[in-house]
Amino acid sequence: MVKTITGNMFRKMILNGAKLIDTNKEHVDALNVFPVPDGDTGTNMSLTMLSAAKEVTACQSNKIADICDALSKGALRGARGNSGVILSQILKGMASAMATGDVITSKSFAKGLEKGTSVAYMAVTKPKEGTILTVVKAMSEYATKNVKKSGDIDTLIKETIEAGEEALKLTPELLPILKKAGVVDAGGRGLLIILQGFYNVIAGVEEENLEFDDKVKSEAISKYSEEAHFEIQDLSDIEFAYCTEFFIINMHKWTTEADIDRFREKLMTIGDCVLVIGDLEMVKVHVHSNQPGVVLTHALELGELDKLKIENMLEQNRAILSKKKEDLKPYGLVSVCAGEGLSAIFKDLLVDNIIEGGQTMNPSADDIARACDAIPAENVFVFPNNKNIILAAEQAKNISKRKLTIIPTVNVPQGLSAVLAFNPEDTLENNIEFMTEAINGIRAGMVTYAVRSTNINDMELKEGDIIGIDSKDIVAKGDEVKDVTTELVGKMMTNDVSNITLYFGNDVKEEDANSVAEELTKKYKRCDVDIHFGGQPLYYYIISLE
């Protein structure tokens, strides 16, 4: 029986949770209901947890608050795709609630789940039930209701996971597309794997390859259905001018660990990049502040100072900026895409930075922030070009030093249309309006192949079938790429379409693309038909109708 969780144990729980989801990510990927080769939920959640684990490993303190802070920051920086971003918000909420005590108790664990649920729901513009949100909410409700009954935290966590399993079984009843595919929600399964990893440390279980029964059971009924590193920058951007570093040694006999914690808290009120690590033998201190004298005065209350170093960061930057002063332009553009040809097209349209990504390789919030920070611009427009990247792009706003505006493009044709609508001489507000209007006038389709046999939208699919996707629905299938492509265009066609553009992937020969274009030209004489080499993986064609 375990009553509380210490900082050291919590660290091990996080690392084991990351290990378990990484080991079982392929199973979670296989639960994706859309039968296209972008199995990403398990991979994205794994990458998010691995980033959190890396940050926690680097944390020098076993204080619950410090580990919670590292967990929250690491998860946010590594968040990939919708599933990763939502997971990072669940962990952020849990961490903020559990960080208040010296240990994690049953009560603080329940409060953590409650806060994690709240933060996660707020992070999603239009929350959907039948997803990871449903699962975490059910666990939160169970833990809150039963926290007083379960005196031992290991029992509470075990039973809470079981409640989550019951909620997971219900997800197909709440989200019809899951029921049609015959699976439960992938994100919910991923979250339960991570919490199982947490629990296994408490229970002393070394379990890596789990077994799941994630097929839909129509009789499933659940009671839960109710319900800082300093970078060269402009002088005006430097808030704290003095980098102060030293050791505190030979502590006063009356100094306690609590005094060190209070010292850290004082530094956080007068500076940033605060580092106070160590114990009653020696403490290393690093802080950026405008009051180095005050920092030293507070430190002397704990003990003696050694190896003192104070550097004027304003003067350091003056020397560098005097050699090369970089003026920021008003706007910058960042686009996400996969494929040599598509990257070249965006660059020809004067997009500043291309992030390699898309299906199967969603960039993290940190990847997006770094790409934006590399552009010398006051405002940066980001074109995610994939619905599974939009949330990560939104989270990049919190860690980028630029002002980011996310244009919610869900495919490459929308991204190209938005870029073409951009006017470097216009205002920020007008550009947002014009680009948003531009993406609403685009019809996009994709031709790929089914990665597994399934039945979706009353269409029987076999593994390897060529499929045509209009927006989010599969509307065409067949054995030949050319036939499916022309059928897809026919399903997408309306009387107001005057331009058809095909971007062919790296598995399509140019002569084959020309053949498709010729057939479309004959069939739709009023339309201009263009082809471009996209070089994208997985998708034979990306189609744009305007």
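None of these values were measured; they are calculated from a predicted model.
The side-chain hydrogen bond (donor to acceptor under 3.5 Å, both in side chains) analysis of residues 243-256, with sequence neighbours excluded, yields the pairs E245-K309, N250-E304, T256-D259. Screening residues 339-351 for side-chain hydrogen bond (donor to acceptor under 3.5 Å, both in side chains) gives no qualifying pairs among residues at least two apart or on separate chains. Legend: ring-ring contact (aromatic ring centres under 6.0 Å, His included) pairs involving residues 89-116, not counting sequence neighbours: none detected. The list of ring-ring contact (aromatic ring centres under 6.0 Å, His included) pairs with a residue in residues 363-409, not counting sequence neighbours, reads Y331-F381, F381-F422.
The side-chain heavy atoms of L350 and L333, taken from C-beta on, include no pair separated by under 4.5 Å. Counting only heavy atoms from C-beta outward, the side chains of N431 and N423 approach each other to under 4.5 Å. Looking at V380 and N353, their side chains never come closer than 4.5 Å, going by heavy atoms from C-beta outward. Looking at I368 and I389, their side chains come closer than 4.5 Å, going by heavy atoms from C-beta outward. Counting heavy atoms from C-beta outward, F198 and I157 have side chains that stay 4.5 Å or more apart. Between I5 and M98, the closest side-chain pair of non-hydrogen atoms is not below 4.5 Å. Side-chain contact between V294 and S289: absent, with no pair of heavy atoms (C-beta onward) separated by less than 4.5 Å. In this structure, the side chains of I406 and P384 come closer than 4.5 Å at one or more pairs of heavy atoms.
Between the side chain of N411 and the backbone N or O of Q414, at least one donor-acceptor pair lies under 3.5 Å. A donor-acceptor contact shorter than 3.5 Å is absent between the side chain of D272 and the backbone of F240. Between the side chain of T160 and the backbone N or O of M139, no donor-acceptor pair lies under 3.5 Å. Checked by atom type and distance alone, the side chain of R189 never pairs as donor or acceptor with a backbone atom of L31 at under 3.5 Å. With hydrogens and angles ignored, the 3.5 Å screen pairs a side-chain donor or acceptor of D367 with a backbone N or O of S364. Of the possible donor and acceptor atoms, none in the side chain of S140 sits under 3.5 Å from a partner among the backbone N and O of V136. Remark: the backbone N or O of L113 is paired with a side-chain donor or acceptor of T117 at under 3.5 angstrom. Under a 3.5 Å cut-off, the side chain of D373 and the backbone N or O of K401 do form a donor-acceptor pair. With S51 contributing its side chain and G74 its backbone, the two residues share a donor-acceptor pair below 3.5 Å. Listed for the T436 side chain is a donor-acceptor partner under 3.5 Å among the backbone atoms of I432.
A salt bridge links K73 with D69: the closest approach of a Lys/Arg side-chain nitrogen to an acidic carboxylate oxygen falls below 4.0 angstrom. Looking at R370 and D366, a side-chain N of the basic residue comes within less than 4.0 Å of a carboxylate O on the acidic one, giving a salt bridge. Classification of K266 and E301 as a salt-bridged pair holds, one side-chain N sitting under 4.0 Å from a carboxylate O. Ion pairing between D261 and R264 holds under the 4.0 Å rule for side-chain N and carboxylate O.
Rounding to the nearest 0.5 angstrom, the gap separating the CG atom in L296 from the CG atom in L308 is 5.5 Å. Annotation: the span from N200 atom CG to I161 atom CD1 amounts to 7.5 Å, rounded to 0.5 Å. Rounding to the nearest 0.5 Å gives a distance of 14.5 Å between CD1 of I193 and NZ of K19. Residue I104 holds its CD1 atom at 14.5 Å from NZ of K111, rounded to the nearest 0.5 Å. Taken to the nearest 0.5 Å, the CG atom of L342 stands 9.0 Å off from the CG atom of N385. Here the OG atom belonging to S417 is positioned 11.5 Å from the CD1 atom belonging to I407, to the nearest 0.5 angstrom.
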Let me see the working for N388 and N44 under side chain to side chain contact (heavy atoms under 4.5 Å, CB included), right down to the final yes or no.
CA-CA 10 Å; N388 206 33; N44 286 339; 3.4 Å; yes
Side chain to side chain donor-acceptor pair (under 3.5 Å) evaluation trace for T405 with N379
CA-CA 7 Å; T405 298; N379 300 281; 5.5 Å; no
Before giving the answer on side chain to side chain contact (heavy atoms under 4.5 Å, CB included), spell out for C372 and V382 the whole-Å C-alpha distance, their side-chain angles and the decisive distance to 0.1 Å.
CA-CA 8 Å; C372 295; V382 180; 3.6 Å; yes
What verdict does the side chain to side chain contact (heavy atoms under 4.5 Å, CB included) test give for I439 and V410, after you've listed the backbone C-alpha separation in whole Å, the side-chain angles of each residue and the deciding distance to 0.1 Å?
CA-CA 9 Å; I439 67 177; V410 299; over 6 Å; no
Step by step, would you call K3 with I153 a side chain to side chain contact (heavy atoms under 4.5 Å, CB included)?
CA-CA 5 Å; K3 298 290 184 183; I153 192 169; over 6 Å; no
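For G332 against A377, the heavy-atom pair with the smallest separation is N-CB, 3.5 Å. Nearest heavy atoms, T48 versus S88: CG2-CB, 4.4 Å. Nearest heavy-atom pair across P376 and A374 is CD-O, 3.7 Å. Annotation for S46 and D22: closest pair OG-OD1, 2.9 Å, computed over non-hydrogen atoms. The shortest heavy-atom contact between A365 and L76 is CB-O, 3.7 Å. Across all their heavy atoms, A299 and L305 have their closest contact at CB-CD2, 3.7 Å.
The ring pair (Phe, Tyr, Trp, His ring centres under 6.0 Å) check on H298 picks up nothing, with sequence neighbours excluded.
Looking at T131 and D185, their side chains never bring a donor and an acceptor atom within 3.5 Å of each other.
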Identify all side-chain donor-acceptor contacts of residues 6-18 below 3.5 Å with residues at least two apart in sequence or on another chain.
unit_1: T6; atom_1: OG1; unit_2: M9; atom_2: N; d: 3.3
unit_1: R11; atom_1: NE; unit_2: N62; atom_2: OD1; d: 3.1
unit_1: R11; atom_1: NH1; unit_2: V56; atom_2: O; d: 2.7
unit_1: R11; atom_1: NH1; unit_2: C59; atom_2: O; d: 3.3
unit_1: R11; atom_1: NH2; unit_2: C59; atom_2: O; d: 3.3
unit_1: R11; atom_1: NH2; unit_2: S61; atom_2: O; d: 2.9
unit_1: R11; atom_1: NH2; unit_2: N62; atom_2: OD1; d: 2.9
unit_1: N16; atom_1: ND2; unit_2: G197; atom_2: O; d: 2.8

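Residue D102 places its CG atom among 12 or fewer non-hydrogen atoms of other residues, nucleotides or ligands, all under 6.0 Å distant. Residue-environment remark: CZ (F434) exceeds the threshold of 12 foreign heavy atoms within 6.0 Å. E356 CD: more than 12 foreign heavy atoms inside a 6.0 Å radius.
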